[in-house]
Amino acid sequence: MRITTAVLLALVSVPVTSIPVAANAAPACRTVSAKVAMTSSGSADQRIAGTLCLPRGHAATVQLLIPGGFYGQAYWRMRGDRQRPSYVETMTAAGYATLAIDRLGTGASSYPPSTQFRQDTHQIVIRRLIRQLREGRLGGGRFAKVVLVGHSLGSTLARTVAAAHPAEVDGVILTGESSVPNEAAFEQMGAGIYRAADDPRFAGRGLDDGYLTTRPGLRATWFYHGPNSDSKVIAADEATKTTDVFPPGDSYTPPSINKNIQNPVLIVIGEHDKLLAGARSSAALHAQEAPFYSPRAKLETVVVPGTGHVLNGHRTAPRWFVQAREWADRCVGGAA
């Protein structure tokens, strides 16, 4: 099948890892199952699987963690530096609740026929999850503030929801995505994406041709910067890949919508992200992205040195975790 550049711009995500979290560092977490609909008027006949982690005390703010293409909720528990805390551990230690999810068609969530996906299905699901978090229907009580945190496709979805429904979001963290993608690189990477039914890991599951996955070796080639990568993390990434579905139409929402975002925004990319063109310093990234945002976004930017597309899979990951935590304290608040 032919995969267009527009779809590829939204495909790339971050890997899942099976590296365990140290017991003495683990937050209080529990599995969550949320009923969702695939269309605005449809019945809630699908299920989103997630993990809700709570800090000590009551947090007024929850971070909804949205993975990108081909990967699920475990990305946010990934330790690129296996001796340092994950993103979830960093945020819960700082007093924030987190809900990491598997999007529809991935991980432990529902696998509806790919033909049932619409261009706005993922956005509709995110909005329903926001409502359930605010209403206290997913555990942990009612949350007064919701921050959307995404990577790659997850970032596209986060800013699309924040732009179309600014009153529903209190802050946005966008990682692994910018307004200047490297389209030539996305075209080249397309050769490494194929039908999930053709992959031995997913053969026999009855998935239709709209379900895709990555060929072996793609992650090491496209997602990592070698000098700051751990071969065991990359191996875990390959060993735990999942499938995904991408709705019809243009999955990559153009940055022209970003001026509608009315809440604080933090953008984080890796210095050596092969899939993004343009800025390679925090100041240059701010100059590149600022024209797309209104002053109300109070835009801040971070370029993580020595890092590729998979930010959380690099040894440098704790650096941006700390910066994101400090940003959340200043710009959103609501920690326990």
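The shown structure was predicted, so the numbers you read here are calculated from the model rather than taken from an experiment.
Under the 4.0 Å criterion applied to side-chain N and carboxylate O atoms, Arg195 and Asp209 are assigned as salt-bridge partners. By the 4.0 Å N-to-carboxylate-O rule, Asp199 lies close enough to Lys241 to be salt-bridged with it. Between Arg142 and Glu135 there is no salt bridge, since none of the side-chain N atoms of the basic residue sits less than 4.0 Å from a carboxylate O of the acidic one. Between Glu177 and Arg159 there is a salt bridge, since a side-chain N of the basic residue sits under 4.0 Å from a carboxylate O of the acidic one.
Between His225 and His272, the ring-plane angle classifies as parallel under the 30° and 60° cut-offs. Taking the six-membered ring for Trp and thresholds of 30 and 60 degrees, His58 and Phe143 have nearly parallel ring planes, at less than 30 degrees apart.
The shortest distance between side-chain heavy atoms of Gln46 and Leu104 falls below 4.5 Å. Two residues are said to be in side-chain contact when any heavy atoms from C-beta on lie closer than 4.5 Å; Ser86 and Met78 fail this criterion. A heavy-atom distance below 4.5 Å is not found between the side chains of Ile66 and Val149. Residues Val332 and Trp327 have side chains in contact (heavy-atom distance under 4.5 Å, counting atoms from C-beta outward). Here the side chains of Ile130 and Val169 are in contact, with some heavy-atom distance below 4.5 Å. Contact annotation: the side chain of Ile267 approaches that of Tyr293 to within less than 4.5 Å [non-hydrogen atoms, C-beta and beyond]. By the 4.5 Å heavy-atom criterion applied to side chains, Ile124 and Met38 are not counted as neighbours. You'll find the side chain of Leu65 stays beyond 4.5 Å of the side chain of Leu99, heavy atoms only.
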- Message: For a side chain to side chain contact (heavy atoms under 4.5 Å, CB included) check, start with the C-alpha distance between Val265 and Leu174, then their side-chain angles and the critical distance, and finish with the verdict.
- Response: CA-CA 8 Å; Val265 176; Leu174 309 174; 4.1 Å; yes

- What's the verdict on salt bridge (charged side-chain N to carboxylate O under 4.0 Å, His left out) for Asp170 and Arg134, showing C-alpha distance, side-chain angles and the deciding distance? CA-CA 12 Å; Asp170 297 283; Arg134 291 192 185 276; 2.7 Å; yes

- Message: Please evaluate residues Tyr96 and Asp329 with respect to the criterion side chain to side chain contact (heavy atoms under 4.5 Å, CB included), reporting the C-alpha separation (whole Å), side-chain torsions for both, the decisive distance (0.1 Å), and the verdict.
- Response: CA-CA 10 Å; Tyr96 295 98; Asp329 289 343; 2.6 Å; yes

- Using the side chain to side chain donor-acceptor pair (under 3.5 Å) rule, take Thr106 and Asp244 through it: C-alpha gap first, then chi angles, then the decisive distance, then the call. CA-CA 5 Å; Thr106 70; Asp244 218 322; 5.6 Å; no

- How far apart are the C-alpha atoms of Thr160 and Thr253, what are their side-chain angles, what is the distance that settles it, and do they pass the side chain to side chain donor-acceptor pair (under 3.5 Å) test? CA-CA 7 Å; Thr160 302; Thr253 307; 2.9 Å; yes

- Do Val172 and Val147 pass the side chain to side chain contact (heavy atoms under 4.5 Å, CB included) test, and can you show the C-alpha distance, the side-chain angles, and the key distance before you say yes or no? CA-CA 6 Å; Val172 187; Val147 177; 6.0 Å; no

- His309 and Tyr224: CA distance, side-chain angles, deciding distance, ring-ring contact (aromatic ring centres under 6.0 Å, His included) verdict: CA-CA 6 Å; His309 185 71; Tyr224 290 91; 10.0 Å; no

- Stepwise salt bridge (charged side-chain N to carboxylate O under 4.0 Å, His left out) test for Glu300 and Arg330: CA-CA 12 Å; Glu300 297 186 28; Arg330 285 189 294 104; 2.7 Å; yes

- Under the side chain to side chain contact (heavy atoms under 4.5 Å, CB included) rule, what do His122 and Phe117 come out as? Steps first, then yes or no, please. CA-CA 8 Å; His122 291 308; Phe117 283 78; 3.8 Å; yes

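Atom-to-atom distance recorded for Phe321:CZ and Tyr87:OH is 8.0 Å, nearest 0.5 angstrom. Interatomic distance, Ile269 CD1 to Thr301 OG1, rounded to the nearest 0.5 Å: 8.5 Å. Taken from OH in Tyr111 to CG in Leu207, the straight-line distance is 7.5 Å, to the nearest 0.5 Å. To the nearest 0.5 Å, the span separating CG on Leu218 from CG on Asp237 amounts to 9.5 Å. Rounded to the nearest 0.5 angstrom, Leu133 CG and Arg128 CZ are separated by 12.5 Å. Atoms NZ and CG, on Lys145 and Asn263 in that order, are 10.5 Å from each other to the nearest 0.5 Å.
Listed for the Arg47 side chain is no donor-acceptor partner under 3.5 Å among the backbone atoms of Lys35. A donor-acceptor pair under 3.5 Å is absent between the side-chain atoms of Asn182 and the main chain of Ala277, judged by distance alone. Within the 3.5 Å criterion, the main-chain N or O of Thr221 finds a donor-acceptor partner in the side chain of Lys274. A donor-acceptor contact shorter than 3.5 Å is absent between the side chain of Asn228 and the backbone of Thr307. Looking only at distances, no side-chain donor or acceptor of Arg325 sits under 3.5 Å from a matching main-chain atom of Met91. Although no hydrogens or angles enter the test, the distance criterion places no donor-acceptor pair under 3.5 Å between the side chain of Thr243 and the main chain of Leu212. Between the Gln123 side chain and the Val161 main chain, no donor and acceptor come within less than 3.5 Å of each other. Formation of a donor-acceptor pair under 3.5 Å by the Arg103 side chain with backbone atoms of Gly68 is found in this model. Checking side-chain atoms of Thr92 against main-chain N and O of Val88 turns up a donor-acceptor pair under 3.5 Å. A donor-acceptor contact shorter than 3.5 Å links the side chain of Ser178 to the backbone of Val180.
Looking only at atom types and distance, the side chain of Glu289 has a donor-acceptor partner in the side chain of Ser179 under 3.5 Å away. Side-chain atoms of Gln73 and Thr51 include a donor-acceptor pair closer than 3.5 Å. At a cut-off of 3.5 Å, with distance as the only test, a side-chain donor of Asn312 or Tyr75 sits close to an acceptor on the other residue.
For Lys298, the NZ atom is loosely surrounded, since the number of other residues' heavy atoms within 6.0 Å does not exceed 12. Summarising the local packing, CZ of Arg215 is surrounded by more than 12 heavy atoms from other residues, nucleotides or ligands at distances under 6.0 Å. Applying the 6.0 Å contact sphere to CZ of Arg56 captures no more than 12 heavy atoms from other residues, nucleotides or ligands.
Scanning all heavy atoms of the two residues, the minimum distance from Ala100 to Trp76 falls at CB-CD1, 3.9 Å. Heavy-atom minimum distance, Ala185 versus Trp222: O-CH2, 3.5 Å. When all heavy atoms of Ala324 and Ile173 are compared, the pair lying nearest together is CB-CD1, 4.2 Å. In terms of heavy atoms, Ala37 sits closest to Ser43 at CB-O, 3.4 Å. Of all the heavy atoms in Ser114 and Val245, the pair that sits closest is CB-CG1, 3.9 Å.
Results of the side-chain contact (heavy atoms from CB on, under 4.5 Å) test with Val32 over Ile101, Leu129, Ile48, Leu52 single out Leu52 as the only residue that passes. A salt bridge (Lys or Arg N to Asp or Glu O under 4.0 Å) with Asp230 is found for exactly one of Arg79, Arg84, Arg82, namely Arg82.
Aromatic pair Phe70/Phe246: ring centres closer than 6.0 Å.
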